[in-house]
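Remarks on the structure that follows.
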Amino acid sequence: MFEGSPLPACGYCQDLDSEGPHGDTVKDTFDDIYADWYPAVLRWARHRCIDVHDAEDVAQQVFADVWLHSARYCPRRGGLAPWLYGITAHKAADASAALVRRHEGFRRLSRGPAAETPDSSAGTVERLGMASLVKGLSDRRREILFLAYYQGLTQPEIARLLDLPLGTVKSHTRRALRTLARVVAYEMREA
């Protein structure tokens, strides 16, 4: 089966001085591995990702890595499940860390002062006007409105991201919008 071309060396097998190279067993059976293991990898990713929408991307990244780095797998070292689970855990952690980094950036933007020099991008004037109007809101309510209206997140996504109950996010949103409506009405009467 493995005659002809030299087989990739497996460091584990060389260390054990075992019965010789085993070849790239993953690439040889990749279609079967994908068909058999994709549901489990997707389930693992859903459990480990902060945002469940990232799980499908993580699963695809896992199998891309399995293909690209198939020579790292040694069947003598253990089964496919621990190897795939390890890759999934690392990819899910990377996706979740990226989400947290993005969220921290959004949090800093939503709490920071409005830019003094408007740029030429669309909507800047509106954003600056809203930034002055939301100053009276609590940090939490300002953050929820920012995530909903400037980042386009749904209330369930905001609840997961901020680790708040969905009802709390809905209440904060409703109260913040009521407060903004009163402020805008007052500003219009004064103008």
Side-chain angles (χ1 to χ4, degrees), residues 1-112 119 121-123 143-144 146-166 169:
M1 176 176 167
F2 295 115
E3 294 179 42
S5 63
L7 299 172
C10 169
Y12 182 77
C13 292
Q14 286 177 346
D15 290 346
L16 291 179
D17 195 30
S18 63
E19 60 267 1
H22 50 73
D24 193 338
T25 58
V26 172
K27 280 191 179 173
D28 295 340
T29 59
F30 183 78
D31 291 339
D32 294 333
I33 291 170
Y34 184 85
D36 294 343
W37 286 97
Y38 183 81
V41 167
L42 183 59
R43 187 177 64 248
W44 294 335
R46 284 186 179 139
H47 288 291
R48 296 193 66 102
C49 288
I50 291 174
D51 184 355
V52 294
H53 300 293
D54 286 339
E56 289 183 20
D57 292 338
V58 166
Q60 292 301 320
Q61 290 172 10
V62 167
F63 284 101
D65 267 18
V66 165
W67 179 262
L68 291 172
H69 305 291
S70 60
R72 293 180 184 169
Y73 174 70
C74 175
R76 297 180 188 130
R77 211 169 161 194
L80 273 172
W83 187 59
L84 291 172
Y85 185 80
I87 297 170
T88 304
H90 286 101
K91 292 295 178 186
D94 291 346
S96 295
L99 180 67
V100 168
R101 281 191 304 274
R102 282 193 310 269
H103 173 65
E104 287 303 315
F106 296 150
R107 182 177 287 202
R108 282 191 298 275
L109 283 174
S110 69
R111 289 186 180 165
D119 63 15
S121 64
E143 179 177 32
I144 288 171
F146 177 80
L147 291 171
Y149 292 98
Y150 287 104
Q151 299 305 316
L153 298 179
T154 64
Q155 289 179 330
E157 290 171 333
I158 294 168
R160 274 194 306 274
L161 191 65
L162 299 178
D163 197 28
L164 291 172
L166 179 58
V169 171

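Since we're looking at a predicted model, the values are computed, not measured.
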TODO: Please list all pairs passing the side chain to side chain donor-acceptor pair (under 3.5 Å) test where one or both residues lie in residues 156-165, with sequence neighbours left out.
DONE: T154-E157
Output side-chain donor-acceptor pairs under 3.5 Å for residues 54-61, partner residues at least two apart or in another chain, one line each.
unit_1	atom_1	unit_2	atom_2	d
Q60	NE2	Y34	OH	3.2

TODO: Search all heavy atoms of P39 against all heavy atoms of A35 and return the closest pair with its distance.
DONE: CD-O, 3.9 Å
Open item on the list: If I compare all heavy atoms of E143 with all of L162, which pair ends up nearest, and what's the gap?
Closed with: OE2-CD2, 3.5 Å
Which donor-acceptor pairs under 3.5 Å do side chains of residues 78-92 form with protein atoms, sequence neighbours excluded?
unit_1	atom_1	unit_2	atom_2	d
Y85	OH	R48	NH1	2.9
T88	OG1	L84	O	2.8
H90	ND1	G86	O	2.7
K91	NZ	D65	OD2	3.1

TODO: Name all pairs fulfilling the side chain to side chain donor-acceptor pair (under 3.5 Å) condition that reach into residues 36-47, sequence neighbours left out, sorted by first residue then second.
DONE: none
TODO: Going by the side-chain contact (heavy atoms from CB on, under 4.5 Å) test, name the single residue among V66, V62, I33 that passes it with V41.
DONE: V62
